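Quick note: numbers below take in every heavy atom, side chains included, and nothing from hydrogens, waters or symmetry partners. Just so it is clear, the model here is predicted, and its values are computed rather than measured.
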Amino acid sequence: QVNLVESGGGLVQAGGSLRLSCAASGRTFSTNAMAWFRRAPGKERDFVAAISPRGGWTYYADSVKGRFTISRDNAKNTVYLQMNSLKPEDTAVYYCAARDVSYVSTLPSDYNYWGQGTQVTVSS
């Protein structure tokens, strides 16, 4: 059974930082694209960032570009999201996702595996 488990969420003041982790188990994802999405209250699940299997290629939503950094450690089967200069509008549940293929996508429907999510709340 494949599991993706996010951690690292919490409450932070605007301008602060958080680092999210997503640990995978049940199979290795070293040859698979992975990504982070988020869902704010009352909104759709939005793309945040994606990373290629070896980490050489990353892609970000315009809203987080320059503030967030996605990375991965394939030896630990883990993907990270470093979030700096957080804003209240970053408040959301953040989800880790993985695909069965190597190329990234910004569409939630293209991802085969999902974590349960971790809450990030940014206070003003």
Side-chain angles (χ1 to χ4, degrees):
Q1 181 179 356
V2 175
N3 283 304
L4 300 178
V5 179
E6 301 96 337
S7 62
L11 173 64
V12 64
Q13 288 189 328
S17 298
L18 283 174
R19 188 193 195 204
L20 305 184
S21 298
C22 171
S25 62
R27 59 164 282 185
T28 179
F29 286 99
S30 61
T31 59
N32 303 85
M34 298 189 73
W36 288 93
F37 290 81
R38 66 186 181 187
R39 176 177 283 165
K43 295 188 176 181
E44 299 290 322
R45 189 173 297 193
D46 291 331
F47 171 77
V48 175
I51 189 167
S52 59
R54 295 187 178 184
W57 196 87
T58 57
Y59 186 73
Y60 298 92
D62 287 343
S63 59
V64 307
K65 201 172 294 182
R67 300 187 298 123
F68 290 12
T69 302
I70 188 171
S71 62
R72 63 193 297 167
D73 184 339
N74 287 336
K76 296 182 179 179
N77 221 20
T78 300
V79 64
Y80 305 96
L81 186 68
Q82 177 67 44
M83 305 186 296
N84 299 329
S85 302
L86 282 161
K87 305 175 181 179
E89 51 264 44
D90 294 318
T91 294
V93 177
Y94 283 72
Y95 299 90
C96 172
R99 300 191 72 186
D100 275 333
V101 296
S102 62
Y103 46 96
V104 305
S105 171
T106 63
L107 300 177
S109 58
D110 284 344
Y111 287 81
N112 307 97
Y113 307 97
W114 291 86
Q116 293 298 311
T118 184
Q119 176 70 48
V120 171
T121 302
V122 184
S123 63
S124 57

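Inter-residue side-chain proximity for Tyr80 and Arg19 is flagged as met; some heavy-atom pair is nearer than 4.5 Å. Residues Tyr95 and Val48 are not in side-chain contact: their nearest non-hydrogen atoms beyond the backbone lie 4.5 Å or more apart. You'll find the side chain of Thr106 stays beyond 4.5 Å of the side chain of Phe37, heavy atoms only. Looking only at side-chain heavy atoms (C-beta outward), Leu20 and Val120 come within less than 4.5 Å of each other. For the pair Ile70/Tyr59, no side-chain contact is recorded, criterion being any heavy-atom separation below 4.5 Å from C-beta on. Looking only at side-chain heavy atoms (C-beta outward), Thr31 and Ser102 stay at 4.5 Å or farther from each other. By the 4.5 Å heavy-atom criterion applied to side chains, Arg45 and Trp114 are counted as neighbours. Within the 4.5 Å cutoff, the side chain of Arg38 has no heavy atoms near those of the Leu81 side chain.
The two residues Ser105 and Asp110 come nearest to each other via the heavy atoms OG-OD2, 2.6 Å. Looking at every heavy atom in both residues, Pro53 comes nearest to Ser30 through CB-O, 3.4 Å. Nearest heavy-atom pair across Tyr60 and Ala49 is CD2-CB, 3.6 Å. For the pair Phe29 and Ala24, the tightest heavy-atom approach, listed with the atom from each and the gap, is CD1-CB, 3.5 Å.
Note: the hydrophobic cluster containing Val122 also contains Trp36 (ILVMFWY, side chain heavy atoms under 4.5 Å, direct or indirect links). Under the 4.5 Å side-chain heavy-atom criterion for ILVMFWY residues, a single connected hydrophobic cluster contains both Tyr94 and Val12. Val5 and Tyr111 fall into different hydrophobic clusters, where Ile, Leu, Val, Met, Phe, Trp and Tyr side chains are chained together by heavy-atom contacts under 4.5 Å. In the hydrophobic clustering of ILVMFWY residues, with side-chain heavy atoms under 4.5 Å counting as a link, Met83 and Phe47 come out apart. The cluster map of Ile, Leu, Val, Met, Phe, Trp and Tyr, joined by side-chain heavy atoms under 4.5 Å apart, puts Val2 and Ile51 in the same cluster.
Salt-bridge formation is not detected for the pair Lys87/Asp90: no Lys NZ or Arg NE/NH1/NH2 atom is positioned less than 4.0 Å from an Asp or Glu carboxylate oxygen.
A 6.0 Å sphere centred on CD of Gln116 holds no more than 12 heavy atoms belonging to other residues, nucleotides or ligands. Crowding of Arg27 atom CZ: a count of heavy atoms from other residues, nucleotides or ligands under 6.0 Å exceeding 12. Taking a 6.0 Å sphere around NZ of Lys65, one finds it holds more than 12 heavy atoms contributed by other residues, nucleotides or ligands.
Exactly one residue among Asn84, Leu18, Leu86 makes a side-chain contact (heavy atoms from CB on, under 4.5 Å) with Phe68. That residue is Leu86.
One finds the OG atom of Ser71 at 11.5 Å from the CE atom of Met34 (value rounded to the nearest 0.5 Å). Atom OG1 of Thr78 is separated from atom CG of Asp73 by 6.5 Å, given to the nearest 0.5 angstrom. From Gln119, atom CD reaches atom CG of Leu11 across 9.5 Å, with rounding to the nearest 0.5 Å. Distance CG/Asn112 to CZ/Arg99: 7.0 Å, rounded to 0.5 Å.
The list of disulfide bond (SG atoms under 2.5 Å apart) pairs with a residue in residues 15-86, not counting sequence neighbours, reads Cys22-Cys96.
Under the 3.5 Å distance criterion, with hydrogens and angles disregarded, a donor-acceptor pair is assigned to the side chains of Tyr113 and Asp100.
Without hydrogens or angle criteria, Arg72 side chain to Gly55 main chain gives no donor-acceptor distance under 3.5 Å.
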